[in-house]
2 protein chains.
Amino acid sequence: MTDRSFHHGNLRLVLLEAAADTLREQGLDGLSLRELARGAGVSHAAPRRHFPDRQALLDALAVDGFERLTGLIVEAGHEDGRPYPQRFAAVARVFVNFATDEAALLELMFTTKSARQVPELDDAAGAFFQAIGTFYASAPGRTGRTSADEQRLRRLLVATLQGIATLAAGGRIDAAEVEQLIEDATAIFA
Amino acid sequence: MTDRSFHHGNLRLVLLEAAADTLREQGLDGLSLRELARGAGVSHAAPRRHFPDRQALLDALAVDGFERLTGLIVEAGHEDGRPYPQRFAAVARVFVNFATDEAALLELMFTTKSARQVPELDDAAGAFFQAIGTFYASAPGRTGRTSADEQRLRRLLVATLQGIATLAAGGRIDAAEVEQLIEDATAIFA
DNA sequence: ACCTGAACACCGTTCAAGT
DNA sequence: ACCTGAACACCGTTCAAGT
């Protein structure tokens, strides 16, 4: 219950939360294992018990990011009573806002560094894709069906949302243009 | 004319080309100013004359990337005689192939690190957007017109291509799925 | 103008040792 | 099991000095 309660097994969680904050506020370059250790009041070698190397920490952050984004998407797509196009636009907005607020994290999530193999990350990404697909299939007249054509359209939808999110996060388009893109995407996909 | 001809002013170019190779083969993490200097047979402080810091080198790489990609896009969109949808698919393929071959570079191009202000990069990105727009306007029946609606569609096109490219470069979809995405995007935009 | 060489303050990673 | 502390081999960046 003291300030050092992380000495009893939750150092991993403490490091992950601090890392997520740093990533949000300082970007990837500002993230140092040694500084995280200092912040947690622990030796610089202690994180190694929980993350074998720096990349393992980044992978864990990406997994958490996918899980959070998936939760947000499911929530936004689930607003019963509202017409489908409105829910569609809400899902798109959630994605884009996430990308803008967590630009560095989005990068970790969608760009696979080198030739690693990280099952947890693949699973988390798969669950995210699945959530988008499930929402998309919930449109009136589409419920239940999962034809090959719809799988393709679902992938195109993910790509489109990803592209809008990246352009928004990268600052290449402004807020008004983002809103227009969401409306146009809604017109096409909803 | 000797091996050390970069001592006469082209060290910048030598560094940029070596950096582009390293970026392609080793990714961003494998890129070190000191190692580039060693490779060029020059002291580790020499690059500083041409690039004030590491980020300046990365910015220069991103500018070059945009210029190369813009050239490829213009070329692919300009194949006279072929019907527009075929040229459209060719443009999309060029973009996606570039993203796959130069994944680390694509990241430098489309994600703005921190709050820098790099006019050359903005210009290069703007020229790229412009090239896509010019090609898009060259479609039969659209030539010359630049309505607000078409600007919006052009932006959506860029976003879609960017999303497909990112998913492909990140290894989240395979080659067959990429080709399907390009076909579906062609069906919508061409 | 352009480059060198030493120096500074950081890293990530490893490993023997402690409790 | 979990953490410490010293050590190693790297970084990026700075700066006086050389030519």
Side-chain angles (χ1 to χ4, degrees), chain A residues 1-23 25-62 104 107-108 112-116 118, chain B residues 1-23 25-62 104 107-108 112-116 118:
Chain A
M1 283 302 179
T2 79
D3 281 359
R4 301 198 199 83
S5 58
F6 47 79
H7 274 272
H8 301 81
N10 55 347
L11 176 57
R12 186 191 147 91
L13 192 64
V14 168
L15 290 174
L16 270 179
E17 289 183 349
D21 291 342
T22 305
L23 196 61
E25 292 156 18
Q26 321 248 38
L28 185 58
D29 291 345
L31 197 65
S32 135
L33 283 181
R34 285 178 106 110
E35 193 168 319
L36 286 176
R38 278 193 295 269
V42 93
S43 102
H44 66 263
R48 189 132 215 284
R49 290 289 131 193
H50 305 278
F51 306 101
D53 57 20
R54 186 183 133 103
Q55 189 58 56
L57 172 68
L58 301 185
D59 291 339
L61 286 171
E107 215 171 315
L108 290 183
T112 65
K113 304 278 190 186
S114 73
R116 295 171 296 119
V118 188
Chain B
M1 283 298 181
T2 80
D3 281 1
R4 299 200 199 80
S5 58
F6 47 78
H7 275 272
H8 300 83
N10 55 346
L11 176 58
R12 186 192 147 90
L13 193 65
V14 169
L15 291 173
L16 270 180
E17 290 183 350
D21 290 344
T22 305
L23 196 61
E25 291 156 18
Q26 322 248 39
L28 186 58
D29 290 346
L31 197 66
S32 137
L33 282 182
R34 285 179 103 108
E35 192 168 319
L36 285 176
R38 278 193 296 269
V42 92
S43 101
H44 65 263
R48 188 132 215 285
R49 290 289 132 192
H50 304 278
F51 307 101
D53 57 19
R54 186 182 133 103
Q55 191 57 55
L57 172 67
L58 301 184
D59 290 339
L61 286 171
E107 216 172 314
L108 290 183
T112 66
K113 303 279 191 185
S114 76
R116 296 172 292 124
V118 188

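Lettering follows sequence order; numbering is per chain, from 1.
Every residue meeting the side-chain contact (heavy atoms from CB on, under 4.5 Å) condition with A:Ala104, not counting sequence neighbours, appears here in chain and number order: A:Leu23. Considering only residues two or more places apart in sequence or on other chains, B:Arg34 meets the side-chain contact (heavy atoms from CB on, under 4.5 Å) condition with B:Ser32, B:Arg38, B:His44. Shown here are the salt bridge (Lys or Arg N to Asp or Glu O under 4.0 Å) partners of B:Asp53, two or more places apart in sequence or in another chain: there are none.
Between B:Val42 and B:Val14, every side-chain heavy-atom pair lies at or beyond the 4.5 Å cut-off. In this structure the side chain of B:Leu36 reaches within 4.5 angstrom of the side chain of B:Leu57, judged on heavy atoms.
A:His50 and A:Pro52 make their closest contact through O-CD, 4.0 Å (heavy atoms, listed as atom of the first residue, atom of the second, distance). Taking all atoms of both residues into account, the shortest heavy-atom contact from B:Pro47 to B:Leu33 is CG-O, 4.4 Å.
We find the CZ-CG distance between A:Phe51 and A:Leu11 to be 8.0 Å, quoted to the nearest 0.5 Å. Taking CZ of A:Arg54 as the start and CG of A:Asp59 as the end, the distance is 11.5 Å to the nearest 0.5 Å. Taking OG1 of B:Thr22 as the reference point, atom CG of B:Leu61 lies at 9.5 Å (rounded to 0.5 Å).
Atom CG in A:Leu11 sits roughly 10 Å away from atom P in D:dC2 (whole-Å rounding). The distance from atom CZ of B:Arg49 to atom P of C:dT4 is 11 Å, rounded to the nearest whole Å.
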Pair assignment for DNA chain C - dot-bracket with | for other-strand partners, Watson-Crick or G-U under 3.5 Å = ||.|||||...|||||.||
Would you tabulate the pairs of protein nitrogen or oxygen atoms and nucleotide nitrogen or oxygen atoms of nucleotides 9-13 of chain C closer than 3.5 angstrom?
{"unit_1": "C:dC11", "atom_1": "OP1", "unit_2": "A:Arg38", "atom_2": "NH2", "d": "3.1"}
{"unit_1": "C:dC11", "atom_1": "OP2", "unit_2": "A:Arg38", "atom_2": "NH2", "d": "3.4"}
{"unit_1": "C:dC11", "atom_1": "O5'", "unit_2": "A:Ser32", "atom_2": "OG", "d": "3.3"}
{"unit_1": "C:dG12", "atom_1": "OP1", "unit_2": "A:Leu33", "atom_2": "N", "d": "2.9"}
{"unit_1": "C:dG12", "atom_1": "OP2", "unit_2": "A:Leu33", "atom_2": "N", "d": "3.3"}
{"unit_1": "C:dG12", "atom_1": "OP2", "unit_2": "A:Arg34", "atom_2": "N", "d": "3.1"}
{"unit_1": "C:dG12", "atom_1": "N7", "unit_2": "A:Arg34", "atom_2": "NH1", "d": "2.5"}
{"unit_1": "C:dG12", "atom_1": "O6", "unit_2": "A:Arg34", "atom_2": "NH1", "d": "2.8"}
{"unit_1": "C:dT13", "atom_1": "OP2", "unit_2": "A:Arg54", "atom_2": "N", "d": "2.9"}
{"unit_1": "C:dT13", "atom_1": "O4", "unit_2": "A:Arg34", "atom_2": "NH1", "d": "3.2"}
{"unit_1": "C:dT13", "atom_1": "O4", "unit_2": "A:His44", "atom_2": "NE2", "d": "3.3"}

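DNA chain C is contacted by no residue of residues 15-23 of chain B, taking any non-hydrogen atom closer than 4.0 Å.
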